[in-house]
Asker: 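Pasting a structure below so you can have a look.
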Amino acid sequence: MGLAKGNLNVRLGRYDTSKIKVRTGGRGTGRAGKAGGIGCGTIVIAIIAALVFGVDPMQTIGVMQGMDGSSSQVSQQPQLSEDQLCSTGPYADEACRAVQSLNETWEPIVRQAGIRFEQPELVLYPPGPISTQGCGNASSAAGPFYCPADMGIYIETGFFDQLAQMSGTRGDFARLYVMAHEYGHHIQNLTGMSAQVRSAQAQNPRQANQLLVRLELQADCYAGVWAGQNRNLLDPDDLGEGMRAASSVGDDTIQRRAGQRINPEGFTHGTSEQRMEALRRGLQSSDAGACDVYFNS
């Protein structure tokens with residue numbers, strides 16, 4: 001008999017801290033300097049906050065855009081073992097399960113492509129400001145994000161406690177979709193795609209948003225690849241939830257809900273239809289190569 005539906009994080013299996021990198025973070029834990037910028041998944045958190053909690057998405061995004069390259073030198077956070085960190089709450093546990101599943105899915109794919117695989121570091125930090133090890137300062141108000149400079153996926157688990165207020169089981173796959181999307185940015189970092197996009201943006205600023213849209217859609221596609229590679233763990237409700245989550249974070253949906261005129265020139269992540277299509281592409285193919293389309297066309 002199978003496990004009960006709607007309990008995807010249990011179906012992911014127990015984490016093994018020898019197979020993941022986990023550390024705590026907080027003010028004063030980072031190094032000075034800003035290299036490569038904070039990751040690109042902030043809009044996912046911004047729109048979820050807007051839809052569920054009525055938070056202005058531009059306020060959330062502004063936190064990330066307003067970061068500087070300084071690092072405050074204040075007292076260090078107490079250091080916990082990896083097991084202790086993963087046991088600090090249900091969503092810390094879920095994050096550790098998810099990152100292990102993502103590692104196990106992506107390592108053979110990356111190695112088969114002839115690229116050196118390196119695990120990202122899962123950084124679980126308390127509410128408030130966070131000094132990253134390479135991307136400057138941020139705040140837990142910005143939600144989960146990826147820092148390419150230190151290969152860190154930064155998560156303040158209290159946000160997921162809020163997200164759990166979503167009705168039914170919809171929050172389950174929504175959280176994992178966010179994790180898989182941020183991990184997609186890690187894959188782009190390993191392949192060099194993130195650096196190529198930053199270089200192209202610097203050379204052609206007018207194309208910066210269009211390039212960013214391609215990067216975000218590829219990360220959505222990579223999230224779908226992870227889901228497709230683990231289809232045996234999913235049920236139809238999870239798959240439908242993924243499509244709804246992708247639809248809800250489209251730029252056109254964000255602008256419409258904010259009462260703005262739809263402005264394609266201001267898109268940074270793609271339309272709802274594009275994001276659904278990207279997730280579906282990865283899910284149906286289960287092939288990372290299918291996600292190359294966003295930079296081959």
Side-chain angles (χ1 to χ4, degrees), residues 8 39-48 51 57 61 98 101-102 105-106 109-110 113 143-146 148 153 170 173-194 196-198 200-201 207-231 234 236-257 262-297:
L8 178 55
C40 306
T42 308
I43 196 70
V44 175
I45 307 305
I47 191 61
I48 289 176
L51 293 175
I61 296 168
S101 175
L102 286 156
T105 298
W106 279 108
I109 297 174
V110 171
F145 61 89
Y146 176 73
I153 296 175
R170 291 195 297 273
F173 193 85
R175 292 189 299 271
L176 296 172
Y177 166 66
V178 170
M179 286 284 296
H181 176 94
E182 298 303 338
Y183 202 102
H185 288 309
H186 178 64
I187 299 303
Q188 291 169 329
N189 197 20
L190 294 181
T191 63
M193 182 56 68
S194 296
Q196 292 178 42
V197 167
R198 288 196 297 271
Q201 288 174 319
Q207 297 295 315
N209 276 14
Q210 295 180 31
L211 290 165
L212 187 56
V213 166
R214 290 173 180 262
L215 200 70
E216 292 298 328
L217 292 177
Q218 188 180 63
D220 278 337
C221 185
Y222 284 157
V225 170
W226 167 76
Q229 291 268 337
N230 295 278
R231 190 181 295 269
L234 308 179
D237 290 340
D238 293 323
L239 304 182
E241 181 185 315
M243 289 298 111
R244 292 192 297 274
S247 176
S248 71
V249 294
D251 285 318
D252 53 341
T253 298
I254 295 169
Q255 291 179 353
R256 187 179 299 110
R257 289 187 66 87
I262 304 303
N263 176 24
E265 292 184 1
F267 288 176
T268 57
H269 287 66
T271 66
S272 292
E273 183 58 36
Q274 285 175 322
R275 300 204 71 170
M276 290 174 66
E277 191 278 333
L279 183 61
R280 186 183 299 112
R281 179 187 298 275
L283 180 63
Q284 292 179 345
S285 68
S286 302
D287 179 10
C291 304
D292 293 342
V293 67
Y294 298 103
F295 291 98
N296 288 342
S297 59

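All heavy atoms count here, side chains included; hydrogens, waters and symmetry mates do not.
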Asker: Do Leu212 and Val197 make a side-chain contact, defined as non-hydrogen atoms from C-beta onward lying under 4.5 Å apart?
Answerer: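 Contact flag for Leu212/Val197 side chains = no.
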Asker: Any side-chain heavy-atom pair from Asp220 and Tyr177 closer than 4.5 angstrom?
Answerer: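 A side-chain contact exists here, since the closest heavy-atom pair is under 4.5 Å.
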Asker: Under the rule for side chain to side chain contact (heavy atoms under 4.5 Å, CB included), what residues qualify as partners of Ser286, not counting sequence neighbours?
Answerer: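 With neighbours one apart ignored, the set is Gln229.
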Asker: Please report the shortest heavy-atom distance between Ala200 and Leu211, naming the atom on each side.
Answerer: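 Ala200 and Leu211 have their closest heavy atoms at CB-CD1, 3.6 Å.
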Asker: Rounded to the nearest 0.5 Å, what separates atom CZ in Arg231 from atom CD in Gln284?
Answerer: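 Answer for the CZ-CD pair, Arg231 versus Gln284, is 7.5 Å.
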Asker: At what distance, to the nearest 0.5 angstrom, does CG of Leu176 lie from CG of Leu234?
Answerer: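 It comes to 9.0 Å.
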Asker: Is there a side-chain contact between Glu182 and His186 in this structure, where contact means two heavy atoms from C-beta onward sitting under 4.5 Å apart?
Answerer: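 In short, these two side chains do not touch, never coming nearer than 4.5 Å.
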Asker: Minimum heavy-atom separation for Ile109 and Ala288, please, with both atom names.
Answerer: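 Heavy-atom minimum between the residues: CG2-CB, 3.9 Å.
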Asker: Quick check: does any side chain N or O of Gln218 sit under 3.5 Å from a backbone N or O of Cys291, one acting as donor and the other as acceptor?
Answerer: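 Indeed, once roles are kept as given, a pair shorter than 3.5 Å links the two residues.
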Asker: Over all heavy atoms of both residues, which pair between Ala223 and Leu279 is shortest? Give the atoms and the distance, please.
Answerer: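 That would be C-CD1, 4.0 Å.
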Asker: Which atom names give the shortest non-hydrogen contact between Cys221 and Tyr294, and what distance separates them?
Answerer: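 Distance-wise, the nearest heavy atoms are CB-CE1, 3.9 Å.
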Asker: Under a 4.5 Å cut-off applied to non-hydrogen side-chain atoms, are Trp226 and Trp106 in contact?
Answerer: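 Result yes, sub-4.5 Å side-chain heavy-atom pair found.
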Asker: Within a strict 4.5 Å, meaning less than it, do heavy atoms of the Arg281 and Val225 side chains meet?
Answerer: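 They are not in contact (no side-chain heavy atoms under 4.5 Å apart), so the answer is no.
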Asker: For the atom pair CZ (Arg214) and CD (Gln207), what is the distance rounded to the nearest 0.5 Å?
Answerer: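 The distance works out to 9.0 Å.
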Asker: Testing Tyr146, Tyr222, Phe145 one by one against His185 for a side chain to side chain contact (heavy atoms under 4.5 Å, CB included), which residue passes?
Answerer: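 Exactly one candidate clears the test, Tyr146.
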Asker: Do you know which two heavy atoms are closest between Arg198 and Pro148, and how far apart they sit?
Answerer: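 So the two residues come closest at NH1-CG, 4.1 Å.
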Asker: To the closest 0.5 Å, what do you measure between CD (Gln274) and CD (Glu216)?
Answerer: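 Going from CD on Gln274 over to CD on Glu216, the span is 12.0 Å.
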Asker: Can you give me the closest heavy-atom contact between Leu215 and Ser194, atom names plus distance?
Answerer: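 Closest approach of Leu215 to Ser194, heavy atoms only: CD1-CA, 4.4 Å.
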